[in-house]
Amino acid sequence: MPELPEVEIIARSLAAQVVGRRMTALEKLDWERMVETPDLPDFRALILGREIVAVGRRAKWLLVTLDAGWTLAVHLRMSGTLIVRGPEALSDTHTHLVLALDDGRRIFFDDQRKFGRVRLLDAAGLRLLDAAHGPEPLGDTFSAEQLGRILAGRRTKLKPLLLNQAIIAGIGNIYASEALWIARLHPQIPAADAPPEQVPALHAAIRQVLEEAIANQGSSLRNYRTSYGERGHNQDHFRVYDRAGEPCERCGEPITREVIAQRSTFYCPGCQRMPVG
DNA sequence: CATTACCTGCAA
DNA sequence: TTGCAGGTAATG
């Protein structure tokens with residue numbers, strides 16, 4: 001479910017609600033493989049009594065900074081949500097982990113598909129997680145020149161390249177298609193064959209789609225909610241994603257859906273052309 | 001590079 | 001009943 005914008009909104013909405021609170025109980029954990037590390041007895045013992053100092057994001061990981069040097073890293077994968085609820089709220093069949101706070105509220109980790117994961121990391125573990133990911137596309141240092149260096153020499157097609165978290169962090173299946181449409185680049189172009197004059201356009205497009213999605217509180221197709229339980233509305237602004245058969249707003253050609261690298265990909269065959277030659 | 005696995009629910 | 005879903009890791 002969530003890509004960079006959705007995780008960013010969850011991080012912000014969670015921070016606004018729980019920074020300064022202390023975790024007093026692990027009230028529910030009914031899907032134990034959700035906790036990847038450390039083992040469960042240690043996980044329980046280490047988080048109880050910890051204060052939430054900050055909530056941030058790296059790639060699609062939510063990073064809940066705790067006191068005593070620990071970081072609770074949460075990946076929501078396809079269908080996870082993290083919602084703060086009041087003392088009277090009830091868990092349901094999709095609630096797999098509940099953390100009680102010292103003011104009576106609780107953080108619910110609901111996840112229909114059970115792909116979501118939690119790790120409690122020390123400083124070394126956090127460094128490893130950071131090192132496993134490419135640059136943050138909304139970071140100050142991510143430039144068109146850096147993107148050009150990333151594309152140079154790679155035979156991977158643009159669309160799967162954008163989805164590779166080790167190369168660029170945070171882009172997922174929606175925003176990869178959206179960014180390529182804005183940059184007028186066909187998703188099947190081998191990275192090294194992208195016309196050099198279009199690289200700055202792709203750089204700008206990536207930042208534009210992610211920033212717009214954040215401004216729209218993320219895209220709620222199915223499960224995604226902010227930590228207030230609210231839907232985003234960026235799904236109302238897609239140019240190509242989930243719009244197969246509809247006319248391209250730029251050239252009028254019908255938008256195509258094609259499976260590329262095992263993922264649904266949406267693009268306009270009229271204005272996203274393969275380079276000739 | 002492609003395929004399969006991990007899970008559940010929903011719409012065609 | 002089948003195919004599909006915002007993600008990723010493991011395996012040929």
Side-chain angles (χ1 to χ4, degrees), chain A residues 1-11 30-37 57-62 73-83 91-97 109-119 128-129 131-134 137 154-181 187-192 206 209-210 212-214 216-227 230-245 256-266:
Chain A
M1 160 193 75
E3 307 182 25
L4 184 156
E6 291 75 30
V7 180
E8 180 66 27
I9 292 296
I10 291 169
D30 74 347
W31 187 250
E32 296 190 352
R33 72 181 65 174
M34 177 175 264
V35 178
E36 289 187 323
T37 184
R57 178 192 60 76
R58 170 70 170 116
K60 298 172 192 171
W61 285 91
L62 268 159
V74 179
H75 202 301
L76 299 168
R77 293 284 181 96
M78 291 290 265
S79 57
T81 60
L82 277 182
I83 298 178
S91 70
D92 65 26
T93 55
H94 297 131
T95 305
H96 301 302
L97 187 152
F109 189 165
D110 287 18
D111 188 1
Q112 180 182 100
R113 296 180 71 178
K114 301 180 176 175
F115 292 164
R117 294 293 181 263
V118 173
R119 301 175 183 172
L128 284 174
L129 182 139
H133 294 91
R154 289 182 198 267
R155 301 312 301 170
T156 315
K157 294 166 181 172
L158 286 174
K159 167 75 172 359
L161 178 138
L162 292 178
L163 295 182
N164 186 333
Q165 302 300 296
I167 295 177
I168 304 173
I171 301 171
N173 208 37
I174 293 176
Y175 302 113
S177 283
E178 294 290 306
L180 290 168
W181 181 87
Q188 302 255 37
I189 300 172
I206 290 168
V209 296
L210 298 175
E212 284 178 358
I214 290 171
N216 289 323
Q217 302 285 111
S219 301
S220 290
L221 280 92
R222 297 162 181 241
N223 301 287
Y224 164 70
R225 298 292 184 275
T226 75
S227 289
E230 297 166 336
R231 296 170 61 88
H233 41 276
N234 193 61
Q235 66 278 7
D236 300 334
H237 303 278
F238 292 158
R239 279 87 169 184
V240 287
Y241 186 84
D242 212 13
R243 298 187 63 164
T256 294
R257 173 187 177 274
E258 185 176 343
V259 175
I260 301 172
Q262 290 71 244
R263 305 299 304 277
S264 276
T265 303
F266 298 87

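Scope of the values below: all heavy atoms of this structure, side chains included, with no hydrogens, waters or symmetry mates. Per chain, numbering begins at 1; letters A, B, ... match sequence-line order.
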Output the rounded distance in Å from [atom1] ([X]) to [atom2] ([N]).
| X | N | atom1 | atom2 | answer |
| --- | --- | --- | --- | --- |
| His75(A) | dA9(C) | NE2 | C1' | 11 Å |
| Glu36(A) | dA9(C) | CD | C1' | 10 Å |
| Lys114(A) | dC6(B) | NZ | C1' | 11 Å |
| Ile260(A) | dG7(C) | CD1 | P | 15 Å |
| Asp242(A) | dC4(C) | CG | P | 13 Å |
| Gln235(A) | dA5(C) | CD | P | 17 Å |
| Arg117(A) | dT8(C) | CZ | P | 13 Å |
| Met34(A) | dT8(B) | CE | P | 12 Å |

Under 4.0 Å between any heavy atoms, over every strand shown, what does [X] touch: base, sugar-phosphate, or nothing? Just pick one.
| X | answer |
| --- | --- |
| Gln165(A) | sugar-phosphate |
| Leu221(A) | base |
| Asn223(A) | base |
| Trp61(A) | nothing |
| Ser264(A) | sugar-phosphate |

The side chain of [X] is closest to which nucleotide in this list: [options]?
| X | options | value |
| --- | --- | --- |
| Arg257(A) | dG7(C), dT3(B), dC4(C) | dC4(C) |
| Thr156(A) | dC1(B), dA5(C), dG7(C) | dC1(B) |
| His94(A) | dT8(B), dC6(B), dT8(C) | dT8(B) |
| Phe115(A) | dC6(B), dA5(C), dG9(B) | dC6(B) |

For the P atoms, the ones on dG3(C) and on dT3(B), what distance do you get once it is rounded to whole angstrom?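 Roughly 15 Å separates the two P atoms.
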
Please check if any side-chain donor atom of Glu3(A) sits under 3.5 Å from a side-chain acceptor atom of Tyr224(A), or the reverse.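 Glu3(A) vs Tyr224(A): no donor-acceptor pair found between side chains.
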
I'd like to know if the side chain of His96(A) pairs up with that of Asp30(A) as donor and acceptor (distance under 3.5 Å, no hydrogens or angles considered).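 Side-chain D/A pair, His96(A) to Asp30(A): present.
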
Output the distance between atom CD1 (Ile171(A)) and atom CG (Leu4(A)), rounded to the nearest 0.5 Å.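 The CG atom of Leu4(A) is 8.0 Å from CD1 of Ile171(A), to the nearest 0.5 Å.
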
Whether Lys157(A) contacts dC1(B) is assessed here as follows: a side-chain N or O lying under 4.0 Å from the phosphate OP1 or OP2. Is that the case?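 The answer is no; no side-chain N or O of Lys157(A) sits under 4.0 Å from OP1 or OP2.
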
Is the distance from OP1 or OP2 of dC6(B) to the nearest side-chain N or O of Arg77(A) less than 4.0 Å?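 For dC6(B), OP1/OP2 do not have a side-chain N/O of Arg77(A) under 4.0 Å.
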
With the threshold set at 4.0 Å, does a side-chain nitrogen-carboxylate oxygen contact exist between Glu178(A) and Arg243(A)?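 Arg243(A) and Glu178(A): not salt-bridged.
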
So, applying side-chain contact (heavy atoms from CB on, under 4.5 Å) with Asp110(A), which one of Leu82(A), Ile83(A), Leu76(A), Asp92(A) is it?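 Of all the options given, the one that passes is Asp92(A).
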
